[in-house]
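Here is the structure we will look at.
Numbered from 1 within each chain, the chains take letters A, B, ... in sequence-line order.
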Amino acid sequence: MSTPHSLWETAAMPDAPAPRSPAVPDKPSLDGVEDRWAGVWAEQGTYAFDRTRSRAEVYSIDTPPPTVSGSLHVGHVFSYTHTDVVARYQRMRGREVFYPMGWDDNGLPTERRVQNYYGVRCDPSLPYDAGLVPPHSGEAKSVRAADQQPVSRRNFVGLCARLTVEDEKQFEALWRRLGLSVDWSHTYQTIDEGSRAVSQKAFLRNLSRDEAYTAEAPGLWDVTFQTAVAQAELEARDYPGHFHRIAFHRSDGGGPVHVETTRPELVAACVALVAHPDDERYRPLFGTTVTSPVFGVELPVLAHPAAEPDKGAGIAMCCTFGDLTDVQWWRELNLPLRSVVGRDGRLVRETPSWLTAPAAAQAWAELAGKTTFSARAAVVDALRATGELDGEPVATQRKANFFEKGDKPLEIVTSRQWYIRNGGRDVSTDGPAGRDLRGELLARGAELAFHPGFMHVRYENWVNGLNGDWLVSRQRFFGVPIPVWYALDDAGEPDHDAPLVPAEADLPVDPSTDVPAGYVEDQRGRPRGFAGETDVMDTWATSSLTPQIAGGWERDDDLFSRVFPMDLRPQGQDIIRTWLFSTVVRSHLEHGSLPWSNAALSGWILDPDRKKMSKSKGNVVTPLRLLTDHGSDAVRYWAASARLGTDAAFDETQMKIGRRLAIKVLNASKFALSLGAADADADVTEPLDRAMLAGLAGVVDRATAAMDSYEHTTALATTETFFWTFCDDYVELVKDRAYGGHGEQAAASAHAALSRALDTLLRLLAPFLPFATEEVWSWWREGSVHRAAWPQAAPLRAAAGDGDARMLGVVGQALAGVRRAKSQAKVSMRTDVPRAVVAAPAADLDLLRAAAADLRGAGRVDDLQLVAASHELTVRDVELAEVTPR
RNA sequence: GGGCGAUUGGCUCAGUGGUAGAGCGCCUCGUUCACACCGAGGAGGUCACUGGUUCGAACCCAGUAUCGCCCACCA
């Protein structure tokens, strides 16, 4: 028997020093770790926010509130994991992490769900009914509007709370299982009383500073939801249409003027023809008039530079309103307003006053009350009948603006709306004299650290492309009411210029049921009385205040001063133009600062076929199923493997790798502890041990730098790579020695090194694999690894002394060479090697010599010969012992 | 039309000036001795293309192509 083999035998000797904590299980397992540790963390308040800490000690996170009326999908798990990794890292760095959770139950998705679930609809004109029993209760696909029972807004909000509380429980359970280190005592709902108060208070502050105002103007309108829509909610979609070439008639008796239009139903709304001032074809017509086909209305032909000669016929109908260019012409050319499309998307029933010719009135009778779609066909028939349609309509694919949640193209209608200034209007006309709000907001964007940095460009693109102030009023019933009333004059007309506002102490209010100061309910709607504003605010008008809502603005000044401005806003890249931007606007206006210093943008989850993960697929692959199948650490590993801002493939094999890593952490830790890691405070004296710790110190440096730059993938990859080397090479190399085969002091050195390495690796991995690391931590350490300090390189370097970090790699290479020889000879790795030769450059030879005993032990090499070579390290002449037949 | 990002082995991705990397998959072998939810070893790539800068380019510059996304585009 060779010496190495007898060394091996030594390891198994009963009196070998193998101190094992009784807490280490014989067969470590991930089964049940999620429930067990989530329970312990909740019980011990591991993630409770200590609100006595100063702002400088706090790291605060403006968590995105998920929409509770939907279901959580894989994308949520992905991006929320990114945030949690940051939270856990900052906590270990010693920051007190403020990590609240909100639920978004304000807005259309919840409104629809409450309607269908309870069979009700919100009617703010109704009084509150304390004893309301909804018609039914349970999931329903949809309940016809006629079958919905109208209820007061307060009742509706109450039902919303009742419904969403169940969703919130499920969401919370999922988040706990995923291991989010949220402080669950800090939660909010975007429609709850506190949020409504914050939302209204911020609005009133805007109003008092002339940052919010009301105005009557043409704007985009959704005919399905019958509400105005903001620029940020637009979506351009392909929409099939036809070019119609139609004839206008010159008043001077000249030939027809042909115009191409995709919206012939708006001929009656036409107020002028417009061509480019330099367009030779139409220059002679400028200043003359034409009459419209079918309706015979006399219209001017005008010049405007926004007309594009190469579009259509080069001369356009300006209608009030077909598109935003029409609005521009209407404004700049001082044209009359001739609206024909009502708020319901149908042509008005009354014959418009400008259609004076009897034939025109007759033609209108065919159109009155029709949808724009049907009216189009009717107008085309009329044009065909009068011979004013030139040729047949030609199919075209055009782009039309849609409300992102709507399915009909938006119309432009004139209405009174509320706006908050966001720099979207011309500087010269924008608010308080001379204020360059757009410039200020661009400066805020430059001040904000975007992760990844290129996301900043999207912010700039958006701000530079704004074409109007932020429209915040919505003609909906569910939402946070705009908190104003209007005094009515003798004729019962409201005074919109001097709205009546509530006292801040009375917030939240509902103007449809509450009464302004100095009035009584009897005066509602009466001359010299008052009228409550019926509009509600855009959901973003509330969501843009999540830092204030979560941080206790004006409710808990002490808390607010410790968390605001916050450190981090994590969110999706798709809502930079909405959530991120609007939050910056509100904070800039109210606080004169950014709402947070960092914005972390997560990417999309893509199907294997590289398409954005669809809702339907998201429902098939439920987060819970993933957590059940693979374990939370494994799913987190997959999520954490994707960089911020980068789309990631939905890839369950990546989760399997994560699971393997988590299991390896358990097994390797158990083994390291059995080798003596648990009871070691000796000096690290052996060269290989010192080398390993020197390498680990470098890992700590790199991982820390990466985490500080919000590059968690680099930190994970660096740690993971080292961890596998630690397991596969280092632990194998020191096994014999740790068991005592090379003497007591050599063993003690191994124990100390194993102890420090394990301790450090668990900390480095804790943000990514919170369950496996906590499990191991509990075997031999006090408290939670998640409240332990992030490792530092300096103590490791001190322990490593003169250790050369390259040594582990070089020795590992030699060990791999011996393994390769065994593998190629198709023999067991435990085959004894009477003799082997390692040829290496002089520098490597020194390293090999210092660790020769460890290498011989791990390779089971008896006679290890080290010879000089000029090039890379090679292992040759490996003699293999006879394999003893079993 | 403007902009941003991507393009590296079959797959998923690292790698930002100095001899092409990892994991998965694949192939071979091993394993009652921490780990079969395992281990060891191996094969596999002219780094999308074209030009330029440089002693040297996956990396820097210019351009092209393809893919994804954002914005604009309703006559």
>> Determine whether the aromatic ring centres of residues A:His712 and A:His82 are separated by less than 6.0 angstrom.
In response: yes
>> For A:Arg860, is there an ion pair with A:Asp736 - N to carboxylate O distance below 4.0 angstrom?
In response: no
> In the structure shown, which nucleotide is the Watson-Crick or G-U wobble counterpart of B:rC26, with both distances under 3.5 Å?
Replying inline: B:rG42
> For A:Cys727, which contact category applies under a 4.0 Å heavy-atom criterion: base, sugar-phosphate, or nothing?
Replying inline: base
>> Mind checking if A:Ala306 touches a base, just sugar-phosphate, or nothing, with heavy atoms under 4.0 Å?
In response: base
>> Rounded to whole Å, how long is the line connecting atom CD1 of A:Ile663 with atom C1' of B:rC35?
In response: 9 Å
>> Quick one, A:Glu308 with A:His276, criterion side chain to side chain donor-acceptor pair (under 3.5 Å). Give me CA distance, side-chain angles, the key distance, then yes/no.
In response: CA-CA 6 Å; A:Glu308 295 179 40; A:His276 194 274; over 6 Å; no
> What integer distance in Å separates A:Glu652:CD from B:rU12:C1'?
Replying inline: 14 Å
> Now, which nucleotide makes the Watson-Crick or G-U wobble pair with B:rU32, with each of the two distances under 3.5 Å?
Replying inline: none
> Expressed in whole Å, how much space separates the C1' atoms belonging to B:rA58 and B:rU46?
Replying inline: 12 Å
>> Assuming nearest nucleotide by heavy-atom distance, tell me which of A:Asp728 and A:Asn401 is located more 5' along RNA chain B.
In response: A:Asp728
> Is B:rC67 paired to anything, Watson-Crick or G-U wobble with both distances less than 3.5 Å, and if yes, which nucleotide?
Replying inline: B:rG5
>> Please evaluate residues A:Lys670 and A:Glu775 with respect to the criterion salt bridge (charged side-chain N to carboxylate O under 4.0 Å, His left out), reporting the C-alpha separation (whole Å), side-chain torsions for both, the decisive distance (0.1 Å), and the verdict.
In response: CA-CA 11 Å; A:Lys670 175 194 155 198; A:Glu775 175 77 12; over 6 Å; no
> Watson-Crick or G-U wobble partner for B:rC37, using a 3.5 Å limit on both distances?
Replying inline: none
>> Counting only side-chain heavy atoms from C-beta out, which of B:rU12, B:rG41, B:rC74 sits nearest to A:Ala649?
In response: B:rU12
> Taking the same atom, C1', in B:rA20 and in B:rG9, what whole-Å distance lies between them?
Replying inline: 10 Å
> 5'-most contact on RNA chain B: A:Gln573 or A:Ser641, nearest heavy atom basis?
Replying inline: A:Ser641
> Among the nucleotides B:rA34, B:rC74, B:rG41, which one has an atom lying closest to any side-chain atom of A:Ala816?
Replying inline: B:rG41
>> Using a heavy-atom cut-off of 4.0 Å across all strands, would you classify A:Ala821 as base, sugar-phosphate, or nothing?
In response: nothing
>> Any carboxylate oxygen within less than 4.0 angstrom of a Lys/Arg side-chain nitrogen, looking at A:Glu411 and A:Arg263?
In response: yes
> Salt bridge or not for A:Arg237 and A:Glu404, using N-O below 4.0 Å?
Replying inline: no
> Within the structure shown, what part of the strands sits under 4.0 Å from A:Arg819 by heavy-atom distance: base, sugar-phosphate, or nothing?
Replying inline: sugar-phosphate
>> Using whole Å, what does the distance between atom P of nucleotide B:rC29 and atom CG of A:Leu880 come to?
In response: 17 Å
>> Within the 4.0 Å heavy-atom criterion, would you say A:Phe243 contacts the bases, only the backbone, or no part of the nucleic acid?
In response: sugar-phosphate
> What integer number of Å spans the P atoms of B:rA34 and B:rG42?
Replying inline: 24 Å
> Across the strands shown, which category fits A:Gly322 at heavy-atom distances under 4.0 angstrom: base, sugar-phosphate, nothing?
Replying inline: base
> Between A:Phe78 and A:Trp638, does the ring centre distance come in under 6.0 Å?
Replying inline: yes
>> Could you tell me how far apart A:Phe722 (CZ) and B:rA14 (P) are, to the nearest whole angstrom?
In response: 24 Å
> More than 12 heavy atoms of other residues, nucleotides or ligands under 6.0 Å from CZ of A:Phe373: is that the case?
Replying inline: no
>> I'd like the P distance from B:rU16 over to B:rA48, given in whole Å.
In response: 15 Å
>> Classify A:Met829 by what it touches in the nucleic acid, base, sugar-phosphate, or nothing, heavy-atom distance under 4.0 Å.
In response: sugar-phosphate
> Paired with B:rU16: which nucleotide, if any, by Watson-Crick or G-U wobble criteria at under 3.5 Å for both distances?
Replying inline: none
>> So A:Trp724, base contact, sugar-phosphate only, or nothing? Heavy-atom distance under 4.0 Å.
In response: sugar-phosphate
> Nearest-Å distance, NZ (A:Lys27) to P (B:rC38)?
Replying inline: 11 Å
>> Between B:rC60 and B:rG18, how many Å separate the two P atoms, rounded to a whole number?
In response: 12 Å
> From B:rA34, B:rA40, B:rC37, pick the nucleotide closest to the side chain of A:Lys670?
Replying inline: B:rA34
>> Quick check for you: among B:rG30, B:rA34, B:rG68, whose closest atom lies nearest to any side-chain atom of A:Asp647?
In response: B:rG68
> Which listed nucleotide (B:rC37, B:rA40, B:rA34) is nearest to the side chain of A:Lys664?
Replying inline: B:rA34
>> Taking pairing as Watson-Crick or G-U wobble with both contacts under 3.5 Å, can you name the mate of B:rA72, or confirm there isn't one?
In response: none
> Hey, is A:Asp633 close enough to A:Arg659 for a salt bridge, meaning N to O under 4.0 Å?
Replying inline: no
> B:rC73, B:rC74, B:rA34: which one has an atom nearest the side-chain heavy atoms of A:Phe671?
Replying inline: B:rA34
>> For A:Tyr730 and A:Phe726, take the angle between the two ring planes, folded into 0 to 90°, and tell me which bin it lands in: parallel under 30, tilted 30 to 60, perpendicular over 60.
In response: parallel
>> As a test of reading the structure: which of B:rA34, B:rC73, B:rU28 is closest to the side chain of A:Ser823, going by heavy atoms?
In response: B:rU28
>> Rounded to whole Å, how long is the line connecting atom NE2 of A:His630 with atom P of B:rC37?
In response: 15 Å
> Among B:rC74, B:rC13, B:rA40, which is the nearest nucleotide to the side chain of A:Lys311?
Replying inline: B:rC74
Between the protein and nucleotides 2-9 of chain B, list the N/O to N/O atom pairs that are separated by less than 3.5 angstrom.
none

> When you compare B:rC37 with B:rG23, how far apart are their C1' atoms, in angstrom units rounded to a whole number?
Replying inline: 16 Å
>> Run A:Arg806 and A:Asp844 through salt bridge (charged side-chain N to carboxylate O under 4.0 Å, His left out) and show every step you take.
In response: CA-CA 9 Å; A:Arg806 290 184 310 120; A:Asp844 289 356; 3.7 Å; yes
> If you take atom types as modelled and just measure distance, does the side chain of A:Lys399 reach the base of B:rC74 with a donor-acceptor pair under 3.5 Å?
Replying inline: no
>> If I take atom CG in residue A:Asp651 and atom C1' in nucleotide B:rG23, what distance separates them, rounded to the nearest angstrom?
In response: 10 Å
> Base, sugar-phosphate alone, or nothing: which one does A:Ala668 contact when heavy atoms must sit under 4.0 Å apart?
Replying inline: base
>> Taking the minimum atom-to-atom distance to the side chain of A:Ile657, which one of B:rC74, B:rA34, B:rC24 wins?
In response: B:rC24
> Rounding to the closest angstrom, what is the interatomic distance between B:rC61 and B:rA57 at atom P?
Replying inline: 15 Å
> Could one point to a donor on the side chain of A:Arg660 or the base of B:rC37 with an acceptor on the other under 3.5 Å away?
Replying inline: no
> Whole Å only: how far is the CG atom of A:Leu758 from the P atom of B:rC35?
Replying inline: 17 Å
>> Measuring only the P atom in each nucleotide, how far is B:rU54 from B:rG45? A whole number of Å is fine.
In response: 33 Å
> Can A:Arg438 be said to sit on top of A:Trp462's aromatic six-ring, NZ or CZ under 6.0 Å from centre and within 45° of the ring axis?
Replying inline: no
